[in-house]
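Here's the structure, in structure tokens; my notes come after.
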Amino acid sequence: MSTQLLENLNPAQQKAVQATEGPVLVLAGPGSGKTRILTHRIAYLIETLKVDPYNILAVTFTNKAAREMKERLDVLLGQGRAAALIVGTFHSICTRFLRRDIVHLGRERDFTIYDSDDQMRLMKRVLKDLNLDEKRNAPRAIHSEISRAKNELVCPEEFIRLGRTYKDEVTGRCYVRYQQLLRESNALDFDDLLVETVQLFEQHPDVLDRYQERYRYILADEYQDTNRVQYVLLKLLASKYRNLFVVGDEDQSVYAFRGADIRNIRSFEDDYPEAQVILLEQNYRSTQAILDVAQAVIRGDVRRKHVKRLWTENDKGALVQLQEAYDQDEEGQLVVDEAARLVASGEYKLGDIAIMYRTNAQSRAIEEALIGRGLRYQIVGGTRFYERKEIKDALAYLRVAHNPYDTINFSRVLNWPPRGIGDRTEDELNRWANSLGVPPYVALQLLNEQANPSSEAPEPTKPAPFSPRTRQSLLSFLRVLDELIAAKTEQSLDDLMGLLFSRVDFEEALRREYGEEEGRDRWNNVQELRNVALNYINLPIEAQLPTFLEEVALVADVDTIKEDQDAITCITLHQAKGLEFPVVFLVGLEEGLLPHSRSLDDRDALEEERRLFYVGATRARKQLYLLYAFRRSTYGRTNVSTPSRFLASIPKELVAQAPKRSISSAHQTSMFTPRTFGTAAGGSRRATPSASRTSQPPAAKQQRAALPQTPKETRFFAGLKVRHALFGEGVVVSSKLVDGDEEVTVAFSGKGVKRLLASFANLEMSE
DNA sequence: GTACGTTCATTTTTT
DNA sequence: ATGAACGTAC
């Protein structure tokens with residue numbers, strides 16, 4: 001087995017794979033087999049150093065990479081040998097940790113994960129709560145400030161303390177409120193997943209120690225793209241055994257905008273003075289012609305101190321093609337014609353070809369050209385399946401069923417489909433809930449209690465400010481939610497969705513909203529979601545919904561690329577990182593696009609754009625095409641454009657500058673018959689992610705509230721989350737002292753409002 | 001409260 | 001070009 005482990009690796013790669021224990025930094029250029037090295041290193045640890053796979057943690061950049069790594073390990077080691085090995089992205093790994101241990105931070109383990117859409121809605125709610133004008137304070141901008149702060153591990157209090165400008169002051173207040181609402185909703189946003197994990201480790205050394213003991217060997221890919229919080233995470237985990245094996249390439253650092261700090265990789269040797277550093281400069285992927293061009297571009301950065309000298313034993317290969325198109329439509333035409341020619345020649349298949357661009361918006365012209373040609377394609381990114389409105393709406397119901405305190409998704413479905421609850425009512429409900437100190441869902445339960453007092457009726461709360469008619473609408477909504485909440489523990493996810501779609505009549509609602517045709521398309525999409533749910537049917541019922549929701553939140557778009565289906569891949573340069581294709585078209589190589597106009601006034605940003613070009617070019621194995629358009633329309637306006645400055649750093653002899661419109665080299669493509677047609681936009685062309693199975697961790701070990709003999713003050717207060725053996729999860733509405741005991745009014749999810757005596761009820765506090 | 005028309009701003013890249 | 005946001009009419 002060991003022989004197989006090392007064969008097909010060159011000496012430098014072998015050296016990396018067989019490095020002794022301790023910190024290792026592998027600086028490796030594109031196409032040098034980074035992923036391969038990581039995989040083989042893991043195999044080597046297990047096979048030769050006899051490390052238990054259980055003690056290894058590997059961080060990859062995408063879930064797709066994680067999946068592939070596990071598959072390759074199964075081949076190298078034999079099926080199932082590496083089953084205990086943990087491989088995943090920072091986000092999925094941290095989620096895993098938190099599901100287990102977030103209770104130490106006084107939080108529920110069943111937290112909801114907020115994606116960017118949820119985050120934006122939450123941000124808008126924050127602005128509303130703080131009476132800030134959305135026009136003057138762009139939610140996106142404020143959110144990205146907050147996100148940046150989180151990635152640098154700056155908490156709200158510190159942010160305010162450090163703030164200098166008025167804008168900082170506003171952002172600081174938003175940050176505070178934003179976190180409050182997240183907590184009230186029992187939700188974490190993407191950034192929180194990492195931040196909370198760091199907090200968990202910093203505040204609970206015993207917990208950290210447990211993880212350090214478990215993960216004695218840590219490996220991380222794309223180390224140049226780590227940001228502060230990721231860096232700290234790795235550092236904390238690795239600080240005990242110091243077996244940290246990282247792989248990266250400065251020249252491929254393209255995520256500064258989300259806080260990636262190139263200094264993390266540059267100062268690795270300072271952090272770990274005993275580190276072994278291994279340099280890999282041989283490229284196995286691309287032809288010499290392609291490498292020459294890529295190198296020419298990256299060397300254009302005059303500030304670079306040392307230039308990695310990439311080399312390859314591969315053939316020179318075909319010259320890189322450079323071509324100007326008249327406009328973006330012709331650009332699409334040229335690409336598609338050439339792609340069709342390549343396929344017709346029999347040399348390549350559709351799946352060998354990728355079209356890469358800087359911005360998602362560019363995909364449209366390409367897509368139209370592909371449809372026109374009838375070539376099968378897949379677009380990675382853009383409007384993702386899970387970001388379609390109808391999908392988000394369906395998911396929103398499920399997420400509220402899972403976690404009724406999720407304010408944002410609650411608002412989302414409150415009046416969808418329209419049920420007579422307008423903005424006015426929503427505001428009123430929120431205000432009323434705020435004044436009671438409970439989430440809106442609990443406010444609805446109280447409203448119900450006021451309307452139909454039960455036998456154990458708690459004392460009347462502050463009367464709700466709704467007209468009878470509005471109240472009816474609100475209560476019928478509550479009934480829908482409660483039915484779903486009741487069903488989630490008794491029915492499979494598939495049945496739960498069935499109930500949702502019939503009870504809410506999704507099909508009808510979509511038809512009403514979008515008309516016959518589009519309504520049907522969207523309804524089909526929703527049903528596709530139900531198909532995805534079938535992947536979870538073998539899990540225990542109580543694990544199906546949470547697992548499904550978690551995986552839906554964490555799939556990245558690049559994870560959904562299908563290789564088994566022969567199709568051209570359209571993808572942004574960022575997402576293309578780590579991938580390779582025999583044929584690559586880089587389109588839109590113009591000033592303002594690559595480099596992007598937003599980067600023009602910042603040297604660092606500009607150099608990042610250059611690296612982006614480099615990343616794109618080095619994805620190609622055999623053939624690289626560079627295209628730009630003479631004029632391009634953006635937002636309906638057309639402008640004359642200039643070729644990208646990066647093209648200027650490529651020596652003329654390295655490219656074949658095709659005369660205008662000659663890439664297509666005529667229409668001798670009649671032999672070519674398209675096999676399938678890409679589905680037109682709006683349909684469900686997008687791949688649905690296949691879901692892997694993970695079992696849900698066992699139930700939380702809750703802290704039990706110790707009851708004093710004779711309470712002098714209430715231990716429970718409004719808004720506190722509690723658990724009851726019979727009624728399950730609930731939120732305290734009020735509490736008061738009665739005859740030396742404490743009488744607590746609690747609104748239980750799906751079970752209504754109950755009045756309980758603290759001494760008998762055995763309420764467990766969650767925070 | 002909803003439906004429909006008008007205006008207006010909007011696009012960098014992502015887990 | 002597209003879609004969100006706002007106003008007016010029902």
Side-chain angles (χ1 to χ4, degrees), chain A residues 59-66 88-95 113-117 119-121 124 133-135 138-141 143-144 147-148 150-151 188-195 222 225-227 229-230 253-260 328 356-365 368 380-384 386-387 389 415-426 467 469-470 473 512-513 553-559 571-577 588 592-600 602 605 608-609 611-613 615-616 632-638 681-682:
Chain A
V59 187
T60 54
F61 203 67
T62 64
N63 289 304
K64 175 171 176 266
T89 61
F90 276 104
H91 288 85
S92 60
I93 288 170
C94 286
T95 303
I113 298 172
Y114 273 5
D115 65 19
S116 19
D117 191 62
Q119 290 170 38
M120 212 41 66
R121 283 166 180 267
K124 287 179 179 165
D133 181 13
E134 264 186 44
K135 291 278 159 55
R140 268 182 85 89
H143 180 262
S144 82
S147 172
R148 195 188 48 78
K150 288 188 183 183
N151 281 313
L188 300 182
D189 70 8
F190 279 139
D191 303 318
D192 284 344
L193 292 174
L194 310 199
V195 174
E222 308 283 12
D225 283 322
T226 50
N227 59 29
V229 63
Q230 294 168 333
S253 151
V254 289
Y255 279 97
F257 70 91
R258 77 174 187 208
Q328 65 222 320
M356 302 181 185
Y357 34 81
R358 176 66 230 269
T359 67
N360 281 306
Q362 289 170 259
S363 67
R364 167 156 313 194
E368 275 165 16
V380 183
T383 38
R384 304 142 201 240
Y386 289 114
E387 282 172 14
K389 182 173 180 300
N415 196 34
W416 195 92
R419 50 170 74 84
I421 307 173
D423 294 350
R424 184 69 189 276
T425 308
E426 186 187 341
S467 69
R469 192 194 158 101
T470 314
S473 309
R512 278 176 68 99
E513 192 165 344
L554 293 178
V555 279
D557 216 69
V558 68
D559 297 333
I571 193 170
T572 64
L573 289 165
H574 281 92
Q575 296 215 99
K577 193 161 68 141
L593 220 38
L594 187 70
H596 195 272
S597 49
R598 298 284 252 254
S599 312
L600 293 179
D602 176 349
E608 181 155 311
E609 300 285 313
R611 295 193 292 268
L612 214 38
F613 191 136
V615 166
R632 179 173 299 269
S633 30
T634 24
Y635 331 111
R637 256 186 218 307
T638 55

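Owing to the predicted nature of the structure, the values given are computational and were not obtained by experimental measurement. In the text below, chain A, chain B and the rest are named by the order of the sequence lines, each starting its count at 1.
- Rounded to an integer number of Å, the gap from CD1 of Ile113(A) to P of dT15(B) is 14 Å.
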For this session: Check step by step if side chain to side chain donor-acceptor pair (under 3.5 Å) holds for Thr470(A) and Ser467(A).
Result: CA-CA 5 Å; Thr470(A) 314; Ser467(A) 69; 2.7 Å; yes

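- dT14(B) atom C1' lies 9 Å from atom CZ of Phe190(A), rounded to whole Å.
- Nucleic acid contact class of Thr425(A) (heavy atoms, under 4.0 Å, all strands): sugar-phosphate only.
- Only the P atoms considered, dT11(B) is 16 Å distant from dC6(C), to the nearest whole Å.
- Of the residues near DNA chain B, Arg424(A) and Thr89(A), the one whose nearest nucleotide (by heavy atom distance) lies more toward the 5' end is Arg424(A).
- Using modelled atom types, one finds a donor on one side chain and an acceptor on the other under 3.5 Å when comparing Thr89(A) with Ser92(A).
- Between dT11(B) and Gln362(A), no contact under 4.0 Å exists linking OP1 or OP2 to a side-chain N or O.
- Ser253(A) and Glu608(A) are not linked by any side-chain donor-acceptor pair at a separation below 3.5 angstrom, with hydrogens and angles left out of the test.
- Contact check for Lys150(A) versus Val229(A): no side-chain heavy atoms found under the 4.5 Å cut-off.
- Residue ring and nucleobase are stacked for Phe257(A) and dT13(B), with a centre distance beneath 5.5 angstrom and an angle between planes beneath 30°.
- Checked against dT15(B), dT11(B), dA1(C), the side chain of Arg598(A) finds its nearest nucleotide in dT11(B).
- Spacing between atom CG of Asn63(A) and atom P of dT14(B) amounts to 15 Å, rounded to whole angstrom units.
- Residues Glu513(A) and Pro417(A) form no side-chain contact, since every pair of their non-hydrogen atoms from C-beta on lies 4.5 Å or further apart.
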Filtered N/O pairs between nucleotides 2-9 of chain B and protein, under 3.5 Å:
| from | atom 1 | to | atom 2 | distance (Å) |
| --- | --- | --- | --- | --- |
| dT2(B) | OP1 | Gly420(A) | N | 3.1 |
| dT2(B) | OP2 | Asn415(A) | ND2 | 3.2 |

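- Regarding Asn360(A), its CG atom lies at a distance of 18 Å from the P atom of dT10(B), rounded to whole Å.
- One finds no side-chain N or O of Arg140(A) lying less than 4.0 angstrom from the OP1 or OP2 phosphate oxygen of dT10(B).
- Using a 4.0 Å heavy-atom cutoff across all strands shown, Lys124(A) reaches sugar-phosphate atoms only and no base atom.
- Atom CZ of Arg611(A) is separated from atom C1' of dT13(B) by 13 Å (rounded to the nearest Å).
- A donor-acceptor contact under 3.5 angstrom links the side chains of His143(A) and Gln119(A), judged on distance only.
- Note: NZ (Lys64(A)) to C1' (dT14(B)) measures 16 Å, nearest angstrom.
- Here dT13(B) presents its P atom at 11 Å from OH of Tyr255(A), a figure rounded to the nearest Å.
- An OP1 or OP2 oxygen of dT14(B) is reached within less than 4.0 angstrom by a side-chain nitrogen or oxygen of Thr572(A).
- Distance CG (Asn151(A)) to P (dT15(B)): 14 Å, rounded to an integer number of Å.
- Taking the side chain as every heavy atom from C-beta outward, Ile113(A) and Leu554(A) approach each other to under 4.5 Å.
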